[in-house]
2 protein chains.
Amino acid sequence: MTTEESILKAARKVFQRKGLEGARMQEIADEAGINKALLHYYFRSKENLFEKIFSEAFEKMLPAVSGYLSEATNLRQFVVFFIEKYFELISEMPYAPQFILQEINRNPNLIANLTGKFGLPVELVKELIKREADAGLIVPIRPEHLMINIISMIIFPFAAKPIIMTVLFKNKQQAYDEFLNQRQAVIADFVLAAITIKKCDQ
Amino acid sequence: MTTEESILKAARKVFQRKGLEGARMQEIADEAGINKALLHYYFRSKENLFEKIFSEAFEKMLPAVSGYLSEATNLRQFVVFFIEKYFELISEMPYAPQFILQEINRNPNLIANLTGKFGLPVELVKELIKREADAGLIVPIRPEHLMINIISMIIFPFAAKPIIMTVLFKNKQQAYDEFLNQRQAVIADFVLAAITIKKCDQ
DNA sequence: GCGTGGTTAAACCAAATGGTTAAATCACGT
DNA sequence: ACGTGATTTAACCATTTGGTTTAACCACGC
């Protein structure tokens, strides 16, 4: 691992836990196993480094999903595939959502710089919903609600990990990890059950 | 409104948007329409003021719900009532969840001071689920997953407001507010549809 | 009128922090 | 051996920021 990589790794960790204002350059240097001078030798300023970490996280979290989804031919397929992909994504960067939300909350301008570059496949979902609702296969639901429902159920337990672990699992790390692992399947079942109209062909 | 109240109101606003480290005492004073000297005259230190705002938010968000829920006699009732109450709560303090999550993420010790004072009605839900699943009324589901699913779908759209408003609603405040208003009913329908087993008595 | 407590203004202090600098060292290929 | 870029050390600077202090002011009830 090059020095630059270890700096970025350290910056990711510190920024994502503490936020821009809470992070200390010294802490990032320590975490990277180098000193402050070298840190500035690589990345001139805190803002500079932060901007790299933030946009990296932002770009990874949003558009990654929408890309390979156009293939879905029915809603069930879409839902299962979407949940699978998004779960993979967030498992790799569990702190990113909380980090992004906090920083945008603190400085809404951050969103302006990145707007337009991304999107959710609302149009596709809208079409799938319309077609299958007309065919009596699923309950009609606004695509925005469906998407947000799914994303909420995936992201929130990662963002709220410390609280949930305390309130629901007596701080047992293992019990919580097991809980998280179950969720991909649980959410898929939950969503499909919620939107599917069951046939009564008895 | 007394000076103390206006300080607390200002502190709530600034702390919840910027976090402990991002907040400036001067900004809180300005927001309250007073000067820094008076701010310290009322609340000796930043930590002191922050602690008040944080534990206030924390205590309001968690246990408020679990109290008046023991009355529920069936799961449907519980779900509807829980969603209604939690929605009321969060509508009054939409920034609280994001704030709490961020601060706990930054300093996990914050959770230790408050542990044990609260809880979610998992036992009650577990009983209701068991009874009605045995009776073939609902799909069996771990109570923890059900609770987290519901809470996720309620909280997340508030926490992610700026992003969702941009990605899904072209920054139209009105469209987003309308979306949020729909969610109480949408979530209730969604959850009930997900857990209910429909009778085929044709 | 007078004291008391809320309030302001402005200057001030000490600590923390982002950032710089200078000199020395180290590792490496040439 | 030499040079170059990476790295360290340590001191240093300027700014920000939480917090204090002092004096004056104001409104109020007694």
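Naming: A, B, ... by sequence-line order, numbering from 1 per chain. All heavy atoms count here, side chains included; hydrogens, waters and symmetry mates do not.
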(message) Which residues pass the side-chain contact (heavy atoms from CB on, under 4.5 Å) test with B:A160, not counting sequence neighbours?
(response) A:L101, B:F156, B:I164

(message) Checking A:R76 now: which residues fulfil salt bridge (charged side-chain N to carboxylate O under 4.0 Å, His left out) with it, not counting sequence neighbours?
(response) none

(request) Rounding to 10 degrees, work out the angle separating the end axes of the helix from C:dG1-D:dC30 to C:dT30-D:dA1 (five pairs an end). (result) 0°

(request) Measure the distance from CG on B:L49 to C1' on D:dG19 and round it to the nearest whole Å. (result) 14 Å

(request) State whether a side-chain donor-acceptor pair under 3.5 Å links B:N107 with B:E103. (result) no

Under the rule for ring-ring contact (aromatic ring centres under 6.0 Å, His included), what residues qualify as partners of [X], not counting sequence neighbours?
X: A:Y41; result: none
X: A:H40; result: none
X: B:F190; result: none
X: B:Y42; result: none

(request) Taking only Lys NZ, Arg NE, NH1 and NH2, and the carboxylate oxygens of Asp or Glu, determine whether B:K18 and B:E27 approach each other closer than 4.0 Å. (result) yes

(request) Specify the residues of residues 1-34 of chain B, ordered by number, for which at least one heavy atom lies under 4.0 angstrom from an atom of DNA chain C. (result) B:T3, B:G33, B:I34

(message) So if I take residues 37-44 of chain A and measure heavy-atom distances to DNA chain C, which residues fall below 4.0 Å?
(response) A:A37, A:H40, A:R44

(request) Could I get the full list of side-chain hydrogen bond (donor to acceptor under 3.5 Å, both in side chains) partners for A:E132, not counting sequence neighbours? (result) none

(request) For DNA chain C, note the earliest and the latest nucleotide, 5' to 3', having some atom under 4.0 Å of a heavy atom belonging to chain A. (result) C:dT17 to C:dT21

(request) Evaluate the ring planes of B:F179 and B:F169, with Trp represented by its six-membered ring, and classify them as parallel (under 30°), tilted (30 to 60°) or perpendicular (over 60°). (result) tilted

(request) Sort and list the pairs that fulfil side-chain hydrogen bond (donor to acceptor under 3.5 Å, both in side chains) and have at least one residue in residues 146-163 of chain A, not counting sequence neighbours. (result) A:N149-B:R183

(request) Look at the side chain of B:K36 and the base of D:dG19, then say whether one donor and one acceptor between them are separated by less than 3.5 Å. (result) yes

(message) Is there a side-chain contact between B:Y86 and B:Q184 in this structure, where contact means two heavy atoms from C-beta onward sitting under 4.5 Å apart?
(response) no

(request) Report yes if the side chains of A:R24 and B:E21 come closer than 4.5 Å at any heavy-atom pair, otherwise no. (result) yes

